[in-house]
J.: 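Have a look at this one before I ask anything.
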Amino acid sequence: SGMRVLDVGCGSGEVTRQLAELVGPTGTVLGIDPSPSRCAEARALLQGKGNVEIREAALLDCGLPSEGFDAVFSQYVFEYLGEVGSPLAECVRLCRRATSTSTAR
């Protein structure tokens, strides 16, 4: 609850909708997809969801700020990429670093 999540390759928005339910009304989900038709499909499905935004964008050209998300999710994307190193590095760049609040003993 309350997290900011990026859904890479959001497609029709089905998973984006589930993520929005998980983060609740205090969280937000941004879905990105390079396909205009898939983004339109996702917007139609998610119409009225106040905690979701869909943007037409490719991961490597998304222009999003570093460490802007608590979690980055992607399903059915990486298996279609020829080279996964750069896209994976971009996902890591976009995700906040975990901070430890416990003391190692």
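FYI, side chains are in, hydrogens and waters are out, and symmetry mates aren't considered; it's all heavy atoms of this structure. Values in this document were obtained by computation on a predicted structure and should not be read as measured data.
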J.: If hydrophobic clusters are built from ILVMFWY residues whose side chains come within less than 4.5 Å, do Val15 and Met3 share one?
T.: yes
J.: Sequence neighbours left out, what pairs pass side chain to side chain donor-acceptor pair (under 3.5 Å) with at least one residue falling in residues 21-30?
T.: Arg4-Thr28
J.: With a 4.5 Å limit on heavy-atom distance, are the side chains of Val29 and Phe73 in contact?
T.: no
J.: Starting at CG of Asp7, measure out to CG of Leu19 and round the result to the nearest 0.5 Å.
T.: 5.5 Å
J.: Could you report the tightest heavy-atom contact between Cys95 and Ala71, atom names first, then the distance?
T.: SG-CA, 3.9 Å
J.: Quick one: list whatever passes side chain to side chain donor-acceptor pair (under 3.5 Å) with Arg38, sequence neighbours left out.
T.: Glu41
J.: Anything under 3.5 Å between a donor and an acceptor, one on a side chain of residues 80-87, the other on a protein residue two or more places apart or in another chain? List them.
T.:
| unit_1 | atom_1 | unit_2 | atom_2 | d |
| --- | --- | --- | --- | --- |
| Glu83 | OE1 | Ser86 | N | 3.4 |
| Glu83 | OE1 | Ser86 | OG | 3.4 |
| Glu83 | OE2 | Gly85 | N | 2.7 |
| Glu83 | OE2 | Ser86 | N | 3.0 |

J.: What are the two closest non-hydrogen atoms of Gly11 and Ala42, and how far apart are they?
T.: O-CB, 3.4 Å
J.: Pairs in or reaching into residues 87-98: which pass side chain to side chain donor-acceptor pair (under 3.5 Å), with residues at least two apart or in two chains?
T.: Ser66-Arg93, Asp70-Arg96, Glu90-Arg93
J.: Can you give me every donor-acceptor pair (side chain of residues 44-53, partner residue at least two apart or in another chain, under 3.5 Å) with its distance?
T.:
| unit_1 | atom_1 | unit_2 | atom_2 | d |
| --- | --- | --- | --- | --- |
| Asn51 | ND2 | Ala20 | O | 3.2 |
| Asn51 | ND2 | Gly24 | O | 2.9 |
| Glu53 | OE2 | Arg55 | NE | 2.8 |

J.: Quick one: list whatever passes side chain to side chain donor-acceptor pair (under 3.5 Å) with Ser74, sequence neighbours left out.
T.: none
J.: Could you identify which residues cluster with Leu30, counting Ile, Leu, Val, Met, Phe, Trp and Tyr as linked when any side-chain heavy atoms lie under 4.5 Å apart, either directly or through a chain of such contacts?
T.: Leu6, Val8, Ile32, Leu59, Leu64, Phe69, Val72, Leu94
J.: Which pair of heavy atoms, one from Cys10 and one from Ile54, lies closest together, and at what distance?
T.: SG-CD1, 4.0 Å
J.: If the condition is side chain to side chain donor-acceptor pair (under 3.5 Å), which residues does Asp33 pass it with, not counting sequence neighbours?
T.: none
J.: With sequence neighbours left out, write down each residue that passes salt bridge (Lys or Arg N to Asp or Glu O under 4.0 Å) with Glu14, or none if nothing qualifies.
T.: Arg17
